[in-house]
**Student:** 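Submitted below is the structure of interest, expressed as structure tokens.
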Protein chains: 2
Amino acid sequence: MTRSTMPARPPGRPRSGVDAVVFAATLATVHELGYAHATVDRIAAAAGVAKTTIYRRWPSKGDLVTACLVDAFGPAPLTGQTTADLLTGAIRWIAGKIAEPGVGAAFAGVFTDAVNDPALRATLAGRLQQPYLVALCEALHEPPERVLFFVDVVVGTLLHRMGMTGEPMTAADVDALIGMVLRAL
Amino acid sequence: MTRSTMPARPPGRPRSGVDAVVFAATLATVHELGYAHATVDRIAAAAGVAKTTIYRRWPSKGDLVTACLVDAFGPAPLTGQTTADLLTGAIRWIAGKIAEPGVGAAFAGVFTDAVNDPALRATLAGRLQQPYLVALCEALHEPPERVLFFVDVVVGTLLHRMGMTGEPMTAADVDALIGMVLRAL
DNA sequence: TGGTATCGATACCTGAGGTAGCGTAACTGC
DNA sequence: GCAGTTACGCTACCTCAGGTATCGATACCA
């Protein structure tokens, strides 16, 4: 991500495409073994690269998974005729992403790690949450603290279900969540 | 807990009071260092017991913390003239518990561990969640899946805030959460 | 062809969860 | 007071995973 945006390629070995391969291997390994058992050794083996290559690109496992999630999420589709449409789409989108194989477990796992790692928490908040927060504030014309509250509600609920049951939330419950948030605004 | 309910004390060394001392040391250590850095060695040292004593009583760190939380929470105060009163009291109660020093971090940490440890997840769901779930179903006259959804919302939101900021939710936001849940029922 | 920077491999360090063995302290019952 | 019983403290140890250091090999650019 950082390197691919450089104007001219510096001399040395190639590394194009490695990020994508490692991200795919990360999600696949987390999906198969869970976050805790998806060791960096196994992820490296699955990606066909050396462990040292991973630590050269990302300073820690948490940073790797965070970058992986940023890549997997991409920009939020904040579109819709009305505010209700926009919110419904956004909540369905994040619920769908968390339901993707590996993404939910990776998200819950890195969130978990961040609880007791202030540096990782800052990375997670800055790289993953901040962009969506800003976009939501603009799209909804609501102050940040209010948007933050609803992010806590939506993401917290989805992750709690994922963590307690190991399964993503059903479509019916996602609809209930949407109804609840719409009524509250 | 298990032993103190026995009718007659069996022969051997005493162990009364050790549970309470270890629970207090667990919460204090987690409060001071966070869940991940609160190693069993340090908890044992803080309690003034040997590490082996802890592992003799609880099979793992997760089980220790779960037992500690069960002890710290106690029975839920499900009282109130109306359903609204009852729910308001229950949500304020759980929010207050999670805001207690060490409890929130311990809860978030053990939840985190449970995400990728099915055995611990079963313990957490059975010992900590199940009793409150049953009591809530009876008190609210609602089916389990509906109650489970609202537990996901309330606990998930509180834990997400705790995990992302490191601080418990403000009273104003807890009130907003209560209002949201009341409107949804 | 040479310079440059990354890659792969191996070996290693640290910290933490968890276990084994053994002598010892404390309680119950006779 | 004395045996029997049980848990305790201590020490040493195992395993696994995150993370680091070193170095030769490799592939790109000029």
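For clarity, every value in this text was computed on a predicted model and none was experimentally measured. In what follows, chains carry the letters A, B, and so on, assigned in the order in which the sequence lines appear, proteins first and then strands, with residues in each chain numbered from 1.
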**Student:** Only pairs at least two apart or in different chains count here, so list each side-chain hydrogen bond (donor to acceptor under 3.5 Å, both in side chains) that has a residue in residues 85-102 of chain B.
**Tutor:** B:Arg92-B:Asp175
**Student:** Do any pairs count as a salt bridge (charged side-chain N to carboxylate O under 4.0 Å, His left out) and have a residue in residues 134-143 of chain A, sequence neighbours left out, and if so which ones?
**Tutor:** A:Glu142-A:Arg146
**Student:** Scan the side chains in residues 23-34 of chain B for donor-acceptor partners under 3.5 Å anywhere in the protein, sequence neighbours excluded, and list what turns up.
**Tutor:**
| unit_1 | atom_1 | unit_2 | atom_2 | d |
| --- | --- | --- | --- | --- |
| B:Thr26 | OG1 | B:Val22 | O | 2.7 |
| B:Thr29 | OG1 | B:Ala25 | O | 2.6 |
| B:His31 | ND1 | B:Gly102 | N | 3.4 |

**Student:** What's the CD1-C1' distance between B:Ile54 and D:dA7, to the nearest Å?
**Tutor:** 14 Å
**Student:** Expressed in angstrom and rounded to an integer, what is the separation of A:Trp58 atom CH2 from D:dG18 atom P?
**Tutor:** 15 Å
**Student:** Return the residues of residues 27-36 of chain B meeting this criterion: a heavy atom under 4.0 Å from some atom of DNA chain D. Order them by number, or give none.
**Tutor:** none
**Student:** Please identify each residue that fulfils side-chain contact (heavy atoms from CB on, under 4.5 Å) with B:Ala99, with sequence neighbours left out.
**Tutor:** B:Pro168
**Student:** A:Tyr55 OH to C:dT10 C1': how many Å, rounded?
**Tutor:** 16 Å
**Student:** For residues A:Ile54 and A:Val49, determine if any side-chain heavy atom of one lies less than 4.5 Å from a side-chain heavy atom of the other.
**Tutor:** yes
**Student:** The criterion is side-chain contact (heavy atoms from CB on, under 4.5 Å); which residues satisfy it with B:Asp117, sequence neighbours excluded?
**Tutor:** B:Ala119, B:Leu120
**Student:** From the list C:dG18, C:dC7, D:dG18, which nucleotide is the closest neighbour of the side chain of B:Lys61?
**Tutor:** C:dG18
**Student:** Return the value, rounded to whole Å, for the distance between atom CZ of A:Arg42 and atom P of D:dG19.
**Tutor:** 18 Å
**Student:** In terms of side-chain heavy atoms of A:Ser60, which of C:dG17, D:dC8, D:dG19 is nearest?
**Tutor:** D:dG19
**Student:** Checking B:Lys61 against B:Tyr55: charged group under 6.0 Å from the ring centre and within 45 degrees of the axis?
**Tutor:** no
**Student:** Phosphate oxygens OP1/OP2 of D:dA7: is one of them under 4.0 Å from a side-chain N or O of B:Arg57?
**Tutor:** no
**Student:** Sort and list the pairs that fulfil ring pair (Phe, Tyr, Trp, His ring centres under 6.0 Å) and have at least one residue in residues 158-185 of chain A, not counting sequence neighbours.
**Tutor:** A:His160-B:Phe111
**Student:** Please list, chain by chain and in numerical order, all residues satisfying side chain to side chain donor-acceptor pair (under 3.5 Å) with A:Thr53, sequence neighbours excluded.
**Tutor:** none
**Student:** Under 4.0 Å between any heavy atoms, over every strand shown, what does B:Gly62 touch: base, sugar-phosphate, or nothing? Just pick one.
**Tutor:** nothing
**Student:** For nucleotides 10-16 of chain D, print each protein N/O atom paired with a nucleotide N/O atom at under 3.5 Å, atom names and distance only.
**Tutor:**
| unit_1 | atom_1 | unit_2 | atom_2 | d |
| --- | --- | --- | --- | --- |
| D:dC10 | N4 | B:Thr52 | OG1 | 3.1 |

**Student:** Expressed in angstrom and rounded to an integer, what is the separation of B:Ile43 atom CD1 from C:dA16 atom P?
**Tutor:** 12 Å
**Student:** How long is the line joining CG of A:Asp117 and P of C:dG15, in whole Å?
**Tutor:** 16 Å
